[in-house]
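Read the structure below first, then the notes.
Keep in mind that this is a model prediction, so the values were computed, not measured.
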Amino acid sequence: MSEFSLDDLAAIVKRRAYSDDASSYTAKLMAKGPARIAKKFGEEAVEAVIAAVEGDRDALVSETADVLYHLAVLLESRGVAFDAVFAELARRTGQTGLEEKASRPAE
């Protein structure tokens with residue numbers, strides 16, 4: 001099993017996001033702003049869904065890596081740390097999924 005974590009990914013994204021390295025895809029993506037980053041995240045999520053529906057395990061692994069990377073860039077672009085997401089997940093584990101859904105404001 002890999003020793004690579006989401007914390008490792010977040011640290012790499014943070015370091016590259018603000019670098020002046022002209023060859024950094026992360027820096028170029030960050031320069032395009034949150035809307036473009038969100039669009040790219042959505043595209044990758046759709047590709048992961050397609051891979052899952054088609055039962056293509058290798059593509060699903062690859063696309064999920066893309067989703068996680070683009071999510072990390074999106075969160076960084078909005079100043080949200082994975083720790084905040086993990087804290088929310090931890091909060092939710094104290095109740096059932098149906099209880100958590102019922103606690104959300106009505107749309």
Side-chain angles (χ1 to χ4, degrees):
M1 186 168 166
S2 174
E3 295 296 321
F4 191 81
S5 70
L6 288 177
D7 287 336
D8 295 330
L9 177 61
I12 291 167
V13 165
K14 182 181 266 317
R15 184 174 66 249
R16 292 180 181 172
Y18 307 106
S19 77
D20 53 4
D21 180 356
S23 67
S24 171
Y25 174 71
T26 304
K28 288 179 184 178
L29 192 55
M30 284 288 285
K32 292 179 180 179
R36 177 65 183 122
I37 297 165
K39 181 179 178 192
K40 189 64 180 169
F41 170 72
E43 291 169 2
E44 298 299 344
V46 169
E47 290 173 6
V49 168
I50 292 168
V53 169
E54 292 177 348
D56 186 338
R57 183 187 185 285
D58 291 340
L60 180 57
V61 168
S62 178
E63 296 302 339
T64 299
D66 290 344
V67 166
L68 291 174
Y69 163 76
H70 286 90
L71 176 60
V73 176
L74 182 59
L75 291 173
E76 181 62 35
S77 76
R78 288 302 192 186
V80 176
F82 271 113
D83 286 347
V85 176
F86 297 145
E88 176 62 13
L89 287 170
R91 183 191 68 76
R92 291 180 184 187
T93 61
Q95 55 189 332
T96 70
L98 294 176
E99 290 170 335
E100 189 279 326
K101 189 173 182 179
S103 72
R104 294 181 193 168
E107 293 181 24

Original post:
Under the ring pair (Phe, Tyr, Trp, His ring centres under 6.0 Å) test, which residues partner Y18, sequence neighbours left out?
Top reply: none

Subject >> Side-chain donor/acceptor of K28 to backbone N/O of S23, under 3.5 Å >> reply: no

Original post:
Does R16 offer a backbone N or O that forms a donor-acceptor pair with the side chain of S19 under 3.5 Å?
Top reply: yes

Original post:
Would the number of heavy atoms belonging to other residues, nucleotides or ligands and lying under 6.0 Å from NZ of K14 be above 12?
Top reply: no

Original post:
Are V73 and V85 co-members of a hydrophobic cluster defined by side-chain heavy atoms under 4.5 Å apart?
Top reply: yes

**OP:** Apply side-chain hydrogen bond (donor to acceptor under 3.5 Å, both in side chains) to D8 and list each qualifying residue two or more places apart in sequence or on a separate chain.
**Re:** S5

Original post:
Which heavy atom of I12 sits nearest a heavy atom of F4, and at what distance?
Top reply: CD1-CE1, 3.8 Å

Original post:
If you look at every heavy atom in L60 and A48, which pair is closest and at what distance?
Top reply: CD1-O, 3.4 Å

What distance separates [X] [atom1] from [Y] [atom2], expressed to the nearest 0.5 Å?
X   : Y   : atom1 : atom2 : value
Y25 : Y69 : OH    : OH    : 6.0 Å
E44 : L68 : CD    : CG    : 11.0 Å
R36 : M30 : CZ    : CE    : 14.5 Å

**OP:** Enumerate the residue pairs fulfilling salt bridge (charged side-chain N to carboxylate O under 4.0 Å, His left out) with a member in residues 47-59, sequence neighbours excluded, ordered by first and then second residue.
**Re:** none

Subject >> Intermediate values then yes/no, side-chain contact (heavy atoms from CB on, under 4.5 Å), L75 and L71 >> reply: CA-CA 6 Å; L75 291 173; L71 176 60; 4.0 Å; yes

Could you tell me if the side chain of [Y] sits less than 4.5 Å from the side chain of [X], heavy atoms only?
X   : Y   : value
I37 : H70 : no
L9  : V13 : yes
F86 : L6  : yes

Subject >> Worked check of side-chain contact (heavy atoms from CB on, under 4.5 Å) between D21 and T26 >> reply: CA-CA 10 Å; D21 180 356; T26 304; over 6 Å; no

